[in-house]
Every structure is written in structure tokens, then in C-alpha cells.
Amino acid sequence: MLNYRTDLEKMPSYDGVEKDYKIKVNANESTLNLPPLVTERVFNRLSHVSFNRYPSEEYYSLVEQIAKNFSVAPEQILLGNGSSEIIEKIFYAFGGGNKIVYPVPSFSMYKIYAKAAEAEGVEFLLDEKFDLDVEKFIVQVKNSGANLAVICNPNNPTGNFLTVAQVEKIASSIDCAFLLDEAYIEFYGQTAVGLVKKYPNLIVARTFSKAYGLAGARIGYMIANSEVAKMIGKTFMPYHMNSLSLATADIVYQMRDEFVPRIQMLIAERERMFERLKKFPALEVFPSKTNFLLIRLPKADALNNYLESLDIGVRFFSASPVLGNCLRISIGTRPENDEVFDAIKNFLEAEQ
Ligand SMILES: *Cc1c(COP(=O)(O)O)cnc(C)c1O
């Protein structure tokens, strides 16, 4: 028997299933690969990568582009292997025996990162509509004496959102660090990055994995006050990013206008699916500003099994009591969405 560190045994694992489906709408990825024009430029760029050198040029080129886009200094930006790495490191930077407050239900990894950082995770419960009561959240953050408060906006897996004014209310009312996870912001459009100048406790995390279809390259970033970024930067390994992914993301970011039509298509599809699903009295569908919809119905388990039998993969939260009877369905292409809808319709009709 090997002796592992204390509590590793009890640490939960990420319960996402990475399996291939005919229709894979379980992980909020982009259903489309990169636009062909972008792929061509990426391959051209990759042929110039200095494989023999540690990544530097590629790292700073992307940082400078992002800094320019948000009119911030390059020192305010850190890149990560997906925003997952960014979030993990922020938890390390503020955790270590201290408290970290995050809403429940939200991104399931917050709890795991808190444990990994040896922090005490403090759960803030969303209301029955999965909305976050801003005043109560502020009170809980203050009363707990936490070092870090985390909010995912718009929220995964519920789809609901806070306005920039609500985010500002929180940033201005709490004294501790405030991480805003904007993984789905492109499907909402109301970023709070502009508040970073005014509130040095605010840290905004973003990703290329959702709207920019780059989940496979693992690229994320954060924008914060430069002193804060410097402190968080201490928790990263040297040369933690690889040149291939950085060069890829550099091109994708340069060509981000190419993604606007597909983001608009996805938003339109989300609204179309929402309207159609809303008509079923047997299920509840939550309004969403993301690239997925959350539905709740008493027979969620059976519906999940039925979809599985059709080789359609959705996300079922069997392990989470607050998400009892909920399924999360990512938005795909119009034909994919139609197939998912028809399957749900057939299931509900057979149930009657
Ligand atoms: C998908 C997701 C992320 C990060 O994904 P990466 O691929 O690591 O960038 C972060 N937060 C939330 C809430 C997500 O859903």
C-alpha cells in the first residue's frame, strides 16, 4: 500500500464522461471544428514554430493581442491550459487554509479545486429558480471571512446570469478577491472585464474552449490588476503552456471575427430550442445565456437512458442533490438540435 497525502482518498473526481456519441451535447464544446479559413492559417503558422525553444514569443504574442483588445497592460494577463488551469491556480493563490465561497449549483470543479488547494469550500445556495441573491451572497462572503469569492457568469450548469451592475455591486461590496468565471460570456455579450480597472480585487477568467471551438488546444486566460496577476503567476510552473497551442490560439484570436456568425447562430438556436421545449408541460426549461439549456423533469433519469440508447449524450447530474432531475443539453447545429428535440418529444409522448 502506498501512502498518499491526507484526504486524497476522499477527494471527488470530475464526473464528466468523455465518450463519443453520434450527437455529443454533454460537454458544452463547440459542435463545429474551426472555420476552414482559420484552420489553413493555423497550419501555416504551426510550420514556423520553434520546437527547439521554450515557448516565449508565442506566449507574449497572444498576451499582447488580448491586452490590446481590452485596453489593459500585458502584465494584467496570464494564460493557462484552459481556464481550468487559471481557476486552479487562483484557488492555490488564495486557498491554503483559507475559505473560498462559491455558489451551488455551479461549476462542479470549484469544490475540487478548493480541496486541492487545502482551502475550506463554502457553498452559497442559489434559489429555487437558480438565481443568485446578490445581497445575501455579499453577506455570506463577508461573514465567512473568505479570501476568495467565485461566481460563474453566465452560470454553468444553470444558464442564468448576473448583469454587469450586479457584478459591480459584488466587487465593490466585498474586500476579498473576486473571481468571475466568464467561460460562456460570448453567448451573453455583457462582460465585466471593464470593471477590472476600478476594482483591483476582481479577476476575470475566460476560455477559448467554448465559443472559439478550441477545447482540444486547452487555452484560457485571466485579466486582473497587475499586482494580483503577479502574485497568481507565482503558482504556475515555468513554461507551462506549449507553443503549438499558443500559436493556434494566437491565430484564432486574430481571426475571431470569423466566429461571430456561428456564435449568433448558436444563440438563435438556443432561443429556438428554449421556445420549443417550453411548450412541454411535463418539463421545466431554464432561460439561458450560454450555449446550453438546463431542463428538469421527474423522469430525468429515464430520459437520459433513452437518449443514451439513441447515441445522444447529454449531461445528467446524478451525483448532485441540488440538480436532482436535471439534464444539461449543449446546443449543436440545427439538425442536431432537431434530433435531440424529436427524441425528447418521443420520450414524453410515450410516457403519457
Ligand atoms: C468549460 C468551463 C471552464 C473551462 O474550460 P477550459 O476548457 O479549461 O477553458 C471553466 N469554467 C466553466 C464554468 C466551464 O464550464
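As the structure lists them, so they are numbered: ligands from 1, and atoms in each ligand from 1.
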State the atoms of ligand 1, each with its element, that fall below the 4.0 Å cut-off from a heavy-atom position in K210.
1 (C), 2 (C), 3 (C), 5 (O), 14 (C), 15 (O)
Any I86 heavy atom less than 4.0 Å from ligand 1
no
Ligand 1 atoms nearer than 4.0 angstrom to some heavy atom of G82 are 6 (P), 8 (O), 9 (O)
Taking the minimum heavy-atom distance to atom 11 (N) of ligand 1, which of T207, N28, T290, D181 ranks first?
D181
Within the structure, does R218 bring an N/O atom to less than 3.5 angstrom of an N/O atom in ligand 1?
yes
Write out the residue and atom name of the closest protein heavy atom to atom 15 (O) of ligand 1, then the distance separating them to 0.1 Å.
Y184 OH, 2.6 Å
Protein heavy-atom partner closest to atom 4 (C) of ligand 1 - residue, atom, separation in Å:
S83 OG, 3.0 Å
Backbone or side chain, does any N or O of N156 fall under 3.5 Å from an N or O of ligand 1?
yes
Describe, in one word, how the ring planes of Y221 and Y253 are oriented to each other, choosing from parallel (under 30°), tilted (30 to 60°) and perpendicular (over 60°).
perpendicular
With ring centroids as reference points, do Y113 and Y110 lie under 6.0 angstrom apart?
no
Measure the distance from atom 8 (O) of ligand 1 to every protein heavy atom, then report the residue, atom name and distance (to 0.1 Å) of the closest one.
S84 OG, 2.5 Å
When hydrophobic residues are tied together by side-chain contacts of less than 4.5 Å, even through go-betweens, does M11 share a cluster with F91?
yes
Is V285 reachable from L297 through a run of I, L, V, M, F, W or Y residues, each pair having side-chain heavy atoms under 4.5 Å apart?
yes
So does R53 pair up with E58, basic N to acidic O under 4.0 Å?
no
Distance filter under 4.0 Å to C152 heavy atoms, resulting ligand 1 atoms
13 (C)
Are any of the side-chain nitrogens in E349 or K345 under 4.0 Å away from the carboxylate oxygens of its partner?
yes
Between N156 and R328: side-chain donor-acceptor atoms closer than 3.5 Å
yes
